[in-house]
Amino acid sequence: MTIFRRAIILLVLCIAVPSAPAWADEKGAAAEKFVAGLGDSALALVTDKTVVGEARREKFRMLLNEHFDLNWIGQFVLGRNWRRASPEERETYLKLFEESIVFTYTNQFDNYSGQMFEVTGSGKNGRYTVVKSNIVDPANPNGNVLIDWRLIEDGETFRIVDVVIEGISMGITQRNEYSSVIESNGGKIAPLLARMEEILEGLRKRT
Amino acid sequence: MTFLSRIHRAAGILFVLIALTGCATPPEETTAGPQVFDPIEPVNRLFFAMNDTVDIFVLQPTAFVYKTALPDPIQDMVRNFLRWLRSPVVIANSLLQGDTDNAGNATRQFLVNGITAGLIDWGQGEDWAYRDEDFGQTLGVHEVGGGPYLVLPLLGPSNGRDLAGRVVDIFFDPLTYIVSGQGAQNAITIGRAGTSAVDFRARNFDQINELKASSLDYYARLRSIYLQRRDAEIRNGEPSEEPLTADGSQEFEDFTPSDRPGSETGELPTKSN
């Protein structure tokens with residue numbers, strides 16, 4: 001490497017460093033660590049064959065509440081219909097919402113077949129920090145699944161408010177779906193809750 | 001004659017579709033939420049229900065037998081061959097999108113995998129791995145909107161743009177010109193579509209069943225997934241250049257839940273944590 005080249009690199013570094021404030025790097029690194037930590041805990045839970053049934057669901061529920069802002073997500077999914085819901089409906093809704101997530105995901109645990117989770121980077125998106133990650137399947141080199149995590153700062157730590165799998169946002173998907181159910185029932189919330197209860201019952205039977 | 005009439009028919013369909021896509025401008029969105037434009041929803045739901053019946057009684061049993069009876073390497077060969085057959089379409093569309101990298105990769109796939117009759121994918125896990133492109137995506141890259149959401153009989157979710165894309169892709173496919181005779185062409189089209197469907201269903205067997213089981217409104221959920229997925233494919237998985245639209249980020253930017261200051265969404269229940 002010539003001295004000239006080295007000088008250019010130094011110059012570029014000098015310009016680049018002040019424009020990327022250190023706090024942003026720190027925040028990104030903390031967010032990446034937060035998601036990696038979730039990945040480790042989730043994988044430990046999935047592969048632990050001694051914890052099953054309700055005990056496993058309880059552990060998953062704790063993990064979920066530690067890492068996700070379920071109030072946020074639940075309200076986002078209900079969208080403008082949140083305002084129309086009565087306090088009782090809101091409470092029932094948030095409970096059903098959490099239970100549906102618990103059963104949907106724990107029911108899938110037994111499909112696990114050696115995939116690995118790796119965090120690949122992070123960036124800022126408006127008020128949010130987005131952490132990028134990859135699910136790698138050693139049995140299928142082309143089968144990587146890209147997952148983006150949308151995080152909001154919560155005091156000292158973070159909370160996840162959305163998960164985007166291969167470009168498909170879970171929050172948006174459920175918001176679209178729920179609003180369709182509410183609209184087809186004349187804008188009422190109660191039929192949505194009844195339907196959620198019905199689906200949850202089905203998921204309970206599939207455990 | 002048969003070939004010419006086929007072209008005429010396809011051109012006619014294409015014209016209607018483009019007219020449909022062009023005229024049908026989505027209504028002004030008054031409320032927050034991603035653009036779901038579904039003007040013929042009752043018709044779509046009818047086709048959707050028919051397709052779901054086909055899924056339950058034909059596709060699922062076939063896919064189950066396929067994935068249980070055939071060893072994994074054979075299943076991979078089936079998929080590799082289907083993808084290899086698509087290479088010319090991928091090359092054409094990559095070029096039309098100005099993506100010479102992917103056009104080069106698809107050409108390499110076509111030539112290298114061609115040595116083993118397309119049955120083995122030598123590019124798997126390499127930097128020239130397969131990435132699908134179709135004319136619907138090409139239109140999307142050139143900023144053509146999706147148009148109305150459509151559910152096609154047997155073929156499933158689509159929209160005005162992607163249906164037009166399907167028709168155009170027929171013309172990019174050398175098999176359209178190589179194979180003569182209406183009967184043989186139809187047999188190939190049906191065979192390819194059917195095998196693709198079985199392969200896709202077999203690979204995602206449990207996931208699709210779970211998706212169905214956990215859906216409050218399976219139609220609405222798949223519609224949302226289809227529209228978001230196509231947007232992501234058009235961007236080749238890259239984040240949107242205007243970071244506040246396609247993945248719904250605008251929705252997130254505008255949103256504050258009720259337990260945060262400055263919220264407009266109303267109160268949380270007192271008991272909730």
Side-chain angles (χ1 to χ4, degrees), chain A residues 65 69 71-76 78-80 82-85 87-92 94-95 100 103-104 107-108 111 123 125-128 130 139-142 146 148 150 152 161-162 164 166-169 171-181 184 192 195-196 198-199 202-203 206, chain B residues 31-34 36 38 41 72 76 121 123-126 129-130 203 206-207 210 213-225 227-233 235 237 239 243-244 246-253 255-260 263-273:
Chain A
N65 278 302
D69 192 334
N71 277 341
W72 177 298
I73 300 170
Q75 284 182 61
F76 177 82
L78 214 50
R80 64 201 158 95
W82 178 264
R83 247 175 290 185
R84 297 213 287 256
E88 294 77 33
E89 283 174 335
R90 287 175 186 174
E91 196 180 335
T92 315
L94 285 175
K95 263 195 199 115
S100 308
F103 276 89
T104 303
N107 280 1
Q108 303 252 32
N111 290 334
N125 184 325
R127 292 182 284 159
Y128 303 92
V130 174
N140 180 6
N142 271 6
L146 303 178
D148 289 355
R150 184 186 296 272
I152 187 109
V161 295
D162 192 26
V164 182
E166 291 285 343
I168 300 157
S169 150
I172 300 281
T173 306
Q174 274 189 306
R175 179 193 268 223
N176 287 165
E177 184 184 9
Y178 286 21
S179 80
S180 170
V181 174
S184 61
L192 173 81
R195 183 86 181 116
M196 285 174 83
E198 187 186 330
I199 292 294
L203 290 176
R206 287 170 80 93
Chain B
T31 50
V36 173
D38 192 354
E41 184 170 333
D72 286 356
D76 286 344
D121 182 6
Q124 195 180 60
E126 305 289 328
Y130 178 85
R203 276 173 202 280
D206 295 327
Q207 289 87 333
E210 283 299 325
S214 63
S215 288
L216 308 189
D217 183 345
Y218 188 40
Y219 171 86
R221 184 176 281 196
L222 273 195
R223 178 176 62 190
S224 181
I225 289 175
L227 296 174
Q228 292 183 65
R229 180 70 193 135
R230 286 299 285 176
D231 269 356
E233 279 174 348
R235 286 179 281 110
L244 301 178
D247 68 335
S249 313
Q250 182 74 61
E251 269 59 71
F252 284 96
E253 204 49 46
F255 180 75
T256 308
S258 56
D259 52 350
R260 300 293 193 289
S263 164
E264 294 175 1
T265 51
E267 293 307 306
L268 269 180
T270 43
K271 270 190 193 168
S272 156
N273 51 356

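Protein chains get the first letters and strands the later ones, always in sequence-line order, with residue 1 at the start of each. Computed from heavy atoms alone, side chains included, the values below leave out hydrogens, waters and symmetry copies.
With no hydrogens or angles considered, no side-chain donor-acceptor pair links B/S224 and A/E177 at under 3.5 Å.
Of the atoms belonging to B/D121, it is side-chain heavy atoms, and not backbone ones, that fall under 4.5 Å from chain A. In this structure, chain B has no heavy atom under 4.5 Å from any part of A/E198. Only the side chain of B/D206 has a heavy atom closer than 4.5 Å to any heavy atom of chain A. Proximity to chain B (any heavy atom under 4.5 Å) is shown, for A/E89, by neither the backbone nor the side chain. Using a 4.5 Å cut-off between heavy atoms, A/F103 does not touch chain B at all. Of the two parts of A/I168, the backbone and the side chain both hold a non-hydrogen atom closer than 4.5 Å to a non-hydrogen atom of chain B.
Listed by chain and residue number, B/D38, B/R45, B/Y219, B/R223 satisfy the side chain to side chain contact (heavy atoms under 4.5 Å, CB included) test with B/E41 (two or more places apart in sequence, or in another chain).
In terms of heavy atoms, A/S180 sits closest to B/D217 at OG-OD2, 2.9 Å. Taking all atoms of both residues into account, the shortest heavy-atom contact from A/L203 to B/S214 is CD2-CB, 4.1 Å.
For the options B/A232, B/A220, B/S215, B/G123, heavy-atom pairs under 4.5 Å to chain A are most numerous at B/S215. In terms of heavy-atom pairs under 4.5 Å with chain B, the best-connected choice from A/Q174, A/E166, A/K95 is A/E166.
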Run A/M196 and B/L216 through side-chain contact (heavy atoms from CB on, under 4.5 Å) and show every step you take.
CA-CA 7 Å; A/M196 285 174 83; B/L216 308 189; 3.6 Å; yes
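With a 4.5 Å cut-off on side-chain heavy atoms, A/T173 and B/R221 count as touching.
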